[in-house]
Trainee: 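The structure that follows is given in the form of structure tokens.
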Amino acid sequence: PLAASPSPTATATPGVPSSPATPPSPLTLTLWLPPQFDPAADTSAGALLQARLDEFASRRPGVQIAVRIKDVTGPANLLDALIATGKAAPAALPDLIALPREDLETAALKGALRPLDGLTDLLDDPDWYAYARQLGHVQNTAFGLPFAGDALVLLYRPESVGTPPRDWSLLSGVEQRVQTPEGEEQTVRLLLPAADPQALFSLCLYLSANGPLTEEQGILSLDEQTLARTLAFYRQAWDDGALPPAVLQYQTDEQVWEAFRAGEGDLAVTWLSHYLQEMPEGIAVLPLPGLDGDTYTLATGWAWGLAGADAEVRPQAVELLEFLMDGEFLGQWNAASGYLPTRPSAMEAHPDETLTEIAASAQPLPPHDVILKVGPVMQEALLSVLNGEAEPEEAAQTALDALK
């Protein structure tokens, strides 16, 4: 056989420079955010987040960060876009996405997010409030790192109420008389969303009295006696004139907040973020009292989730995720954006005894599917009691029958 001919050796042509090596393409990390967290927004919170992203990119030459803004509701919202993109074009998935707790839960259960177990152990760090650590888990698996918290609280007007109300005794008896700005006396007025289909305040009162949501067999259920006590609380406040008729039409916390700001109430049950994002004069905040007076509130929040399909990019995405969860940065950003800190180290930047008490005592909202089933039943029971159609015990029994 013929010997193979040697391959010709490439030689540089005299006077002709060799072609330079092609520089590597920059690595792009894509973030999906809602409008209120837009780093390009003309707000102090936006500037803080943009500076943090710029700092990360400056420390990682060759890394670029692309931010996409998507609405939380409506067509092509964050959750729907995430699920649709994962099915149709996985390569276009964001590396990190900011989701409210209920959307994080849905996305995790639908397989649209990657578990964080094995990628980061940050949720195992002791530097978390208990409510926030639980918000980051779905069915005992870590799927998100909560960066912004929110909780149901009691707002009040010190000018009219006077001594901060630590329980609900102000709603009845001798103590329910308050001063108007004109110096006149009137019955204290408590604003709350009685027509809220999720019935979160009713659920909060019920849980504060150790009311269960499941039976021993794990079947969704309510305790009739505890629910009757919860409904009786409303009935007493209604009979004493502490609940104005307008509460029957309030379906959202936004409606309650606007009415309270307009001076239509002395007390209001609403989300802490409404207060923190405006800090209006003449209004103060307290932890929400439970049915028996002890502090008990439900909390929710926003968390970063990991969605990208590119395994080579994932380590850098996790590194950015951990960089955004630094306690000092979060403390400044939480204060600027008007959200409850999720980590004690974040509270150190702007220590506040009331916020610390709220964060330390808050309990996470029950699973979203539980709220969707229990909420309408509680709402219907409450409206039937306030409208005089049923007694608390009768309405409680009807509610239990509706869940069977």
Side-chain angles (χ1 to χ4, degrees), residues 152-155 165-173 175-176 187-215 219-253 255-256 259 265-271 287-298 363 365-367 370-404:
L152 287 175
V153 294
L154 181 65
L155 302 183
R166 303 296 299 193
D167 56 32
W168 297 112
S169 61
L170 186 65
L171 299 186
S172 61
E175 298 182 31
Q176 74 169 149
T187 300
V188 67
R189 298 162 299 166
L190 171 64
L191 303 184
L192 51 87
D196 173 19
Q198 293 189 338
L200 294 183
F201 178 48
S202 298
L203 184 59
C204 189
L205 290 174
Y206 173 83
L207 292 173
S208 75
N210 297 317
L213 292 176
T214 57
E215 297 176 343
I219 301 173
L220 186 64
S221 182
L222 297 170
D223 179 73
E224 182 178 349
Q225 184 177 1
T226 307
L227 180 55
R229 282 190 60 208
T230 303
L231 297 173
F233 162 83
Y234 285 105
R235 180 61 175 270
Q236 185 66 50
W238 179 267
D239 290 344
D240 289 340
L243 295 180
V247 302
L248 297 176
Q249 277 72 51
Y250 296 153
Q251 296 183 342
T252 68
D253 294 280
Q255 292 173 315
V256 172
D266 307 292
L267 307 168
V269 175
T270 189
W271 289 103
L288 192 65
L291 199 59
D292 297 315
D294 296 332
T295 297
Y296 189 97
T297 189
L298 292 175
Q363 303 293 323
L365 284 173
V370 172
I371 294 175
L372 290 179
K373 294 175 182 177
V374 172
V377 171
M378 281 191 164
Q379 177 220 23
E380 186 174 349
L382 171 58
L383 292 180
S384 68
V385 168
L386 296 185
N387 285 322
E389 299 169 356
E391 294 298 321
E393 295 77 10
E394 180 185 357
Q397 180 59 61
T398 302
L400 265 65
D401 293 340
L403 283 178
K404 294 180 180 179

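In this chain, residues are counted from 1 in sequence order.
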Trainee: Listed by chain and number, what are the side chain to side chain contact (heavy atoms under 4.5 Å, CB included) partners of Asn210, not counting sequence neighbours?
Mentor: none

Trainee: Would you confirm whether Thr226, through its side chain, and Tyr206, through its main-chain N or O, come within 3.5 Å as a donor-acceptor pair?
Mentor: no

Trainee: Could you pull out the closest heavy-atom pair between Leu231 and Ala395, with the gap in Å?
Mentor: CD1-CB, 3.8 Å

Trainee: Do Val256 and Val269 come within less than 4.5 Å of each other through their side chains, counting heavy atoms only?
Mentor: no

Trainee: Nearest 0.5 Å, please: how far is CG in Leu203 from CG in Leu152?
Mentor: 9.5 Å

Trainee: For a quick test of reading the model, state the closest non-hydrogen atom pair linking Asp240 to Leu171 and the distance between them.
Mentor: CB-O, 3.8 Å

Trainee: Which value, rounded to the nearest 0.5 Å, describes the distance between Leu403 atom CG and Leu222 atom CG?
Mentor: 5.0 Å

Trainee: So how far is it from Leu372 CG to Gln198 CD, rounded to the nearest 0.5 Å?
Mentor: 6.5 Å

Trainee: Where do Pro165 and Leu170 come nearest, in terms of heavy atoms and distance?
Mentor: CB-CD2, 4.2 Å

Trainee: Is it true that, when you exclude Glu224 itself, more than 12 heavy atoms of the residues, nucleotides or ligands shown sit nearer than 6.0 Å to its CD?
Mentor: yes

Trainee: Quick one: does Tyr250's side chain get under 4.5 Å of Leu192's, heavy atoms only?
Mentor: no

Trainee: Using a 3.5 Å cut-off and no angle test, enumerate the donor-acceptor pairs between side-chain atoms of residues 373-388 and protein atoms at least two apart in sequence or in another chain.
Mentor:
| unit_1 | atom_1 | unit_2 | atom_2 | d |
| --- | --- | --- | --- | --- |
| Gln379 | NE2 | Ala195 | O | 2.8 |
| Ser384 | OG | Glu380 | O | 3.4 |
| Ser384 | OG | Ala381 | O | 2.7 |
| Asn387 | ND2 | Leu383 | O | 3.0 |

Trainee: What's the separation between atom CG in Asp294 and atom OG in Ser208, rounded to the nearest 0.5 Å?
Mentor: 8.5 Å

Trainee: Looking at Leu291 and Leu205, what are the two nearest heavy atoms and their distance?
Mentor: CB-O, 3.8 Å

Trainee: In a check of side chain to side chain contact (heavy atoms under 4.5 Å, CB included) between Thr270 and each of Leu288, Leu155, Leu191, which one passes?
Mentor: Leu155

Trainee: Between Trp238 and Leu248, which heavy-atom pair has the shortest distance, and what is it?
Mentor: CH2-CD1, 3.7 Å

Trainee: Hey, is Arg229 close enough to Asp223 for a salt bridge, meaning N to O under 4.0 Å?
Mentor: no

Trainee: Using modelled atom types only, decide if a donor and an acceptor are shared between the side chain of Trp168 and the backbone of Gly290 within a distance under 3.5 Å.
Mentor: yes

Trainee: Who pairs with Arg235 by salt bridge (Lys or Arg N to Asp or Glu O under 4.0 Å), at least two apart in sequence or on another chain?
Mentor: Asp239, Glu391

Trainee: Taking the side chain as every heavy atom from C-beta outward, state whether Asp196 and Thr252 have any atom pair closer than 4.5 Å.
Mentor: no

Trainee: Is there side-chain contact between Leu213 and Leu207, with heavy atoms separated by less than 4.5 Å?
Mentor: yes

Trainee: Mind listing the closest non-hydrogen atom pair of Tyr234 and Ser202 along with its distance?
Mentor: OH-OG, 2.8 Å

Trainee: Taking the side chain as every heavy atom from C-beta outward, state whether Pro289 and Leu154 have any atom pair closer than 4.5 Å.
Mentor: yes

